[in-house]
Every structure is written in structure tokens, then in C-alpha cells.
Amino acid sequence: FSMDESKDVPTKTLQELQQALLLSYIECTQRGLLHSANWAAELAHSLPVSSESIPQLTYSSLFLQEFTTYALGRSLYDLREFRRAADMLKDCRSDEGVFLKLYSLFMAGEKSKTD
């Protein structure tokens, strides 16, 4: 897919694709899936820029209630302190918190294999 070929694709379709990629970038970043986030960002960047493509985000009230716990767990995850991150997130019930807790446990197991 080259920029020359994009002239044949309706602009609305490109905007929808870019919006989906940007949303994927945000969701992958929240979950600590850094390579997936980078992939989505690179693809979004390759499309013509449109301010209409920037997604409007809404979060569940449960996630917002747990946000400070999630933020601390995420910072521990980013520091590669996976067991501490999972422990911090142990009481989370939001999709984002549960995912990060389980992924932190997985990464802790992988890290212990290499240590």
C-alpha cells in the first residue's frame, strides 16, 4: 500500500482506519504492549493526517475509580517490577487492571526463567 494507491481509497475509510489504529495504540500502551503500540503508531503515521481521526476516549467508571492503583501498577510494570505490579493490581476489577495484573504475572514468570 503506497500513498499513490491511497488516492483511490475514500477519505472516510482512511480516517476510520487511522482512528482504529490510534485507538489500538492507546489501548496497547495502557496494557504495556509496547511493540504492538509501536506497530499501530507506525501504521497510523503512514496515513494522511486528519484531526477527525483522533479518537474520543471514554473510560468505565470502575476504571476511573481504580485509576490511581492502575497508575502505580503500570509504573511498576514499566520499571520491570512485575511481581510488585501484580500485587498492587490484585484487587482491580476493571478490564485494564485485570489485564495488566495477569500480564504482569506472566512477565514475572518469563523474567524468572531468564534470571
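Position 1 is the first residue of the sequence, and the numbers go up from there.
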Next on the checklist: With side-chain contact (heavy atoms from CB on, under 4.5 Å) as the criterion, how do Gln65 and Leu62 come out once you've worked through the C-alpha distance, each side chain's angles and the decisive distance to 0.1 Å?
Outcome noted: CA-CA 5 Å; Gln65 290 170 359; Leu62 181 58; 4.0 Å; yes
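Annotation for Phe67: atom CZ does not count as buried by contact number, only 12 or fewer foreign heavy atoms lying within 6.0 Å. Within a 6.0 Å radius of CZ in Phe82, other residues, nucleotides and ligands contribute more than 12 heavy atoms.
How far CD of Glu27 is from OG of Ser36: 12.0 Å, rounded to the nearest 0.5 Å. Here the straight-line distance linking atom CG of Leu21 with atom SG of Cys28 works out to 10.0 Å at 0.5 Å rounding. Expressed to the nearest 0.5 Å, how far OG of Ser104 lies from CZ of Arg74 amounts to 9.5 Å. Between the CG atom of Asn38 and the CG atom of Leu33 there is a distance of 12.5 Å, given to the nearest 0.5 Å. Once rounded to the nearest 0.5 Å, the distance linking OG1 of Thr69 with CG of Leu100 reads 12.0 Å. Between the NE2 atom of His45 and the CD atom of Glu42 there is a distance of 9.0 Å, given to the nearest 0.5 Å.
Residue pairs that meet the side-chain hydrogen bond (donor to acceptor under 3.5 Å, both in side chains) test with at least one member in residues 81-99, sequence neighbours left out, are Glu66-Ser94, Glu81-Arg84.
Ion pairing between a basic and an acidic side chain is recognised when a charged N comes within 4.0 Å of a carboxylate O; Lys111 and Asp115 show no such pairing.
Hydrophobic clustering (side-chain heavy atoms under 4.5 Å, transitive across Ile, Leu, Val, Met, Phe, Trp, Tyr) keeps Leu105 apart from Met107. In the hydrophobic clustering of ILVMFWY residues, with side-chain heavy atoms under 4.5 Å counting as a link, Leu34 and Phe106 come out apart.
In plain terms, the two heavy atoms of Ala41 and Tyr25 that are nearest each other are CB-CD1, 3.8 Å.
Classified by interplanar angle (parallel below 30°, tilted 30° to 60°, perpendicular above 60°), the ring pair Tyr103/Phe99 is parallel.
Other residues sharing a hydrophobic cluster with Met88 under the 4.5 Å side-chain heavy-atom criterion for ILVMFWY residues are Leu72, Leu76.
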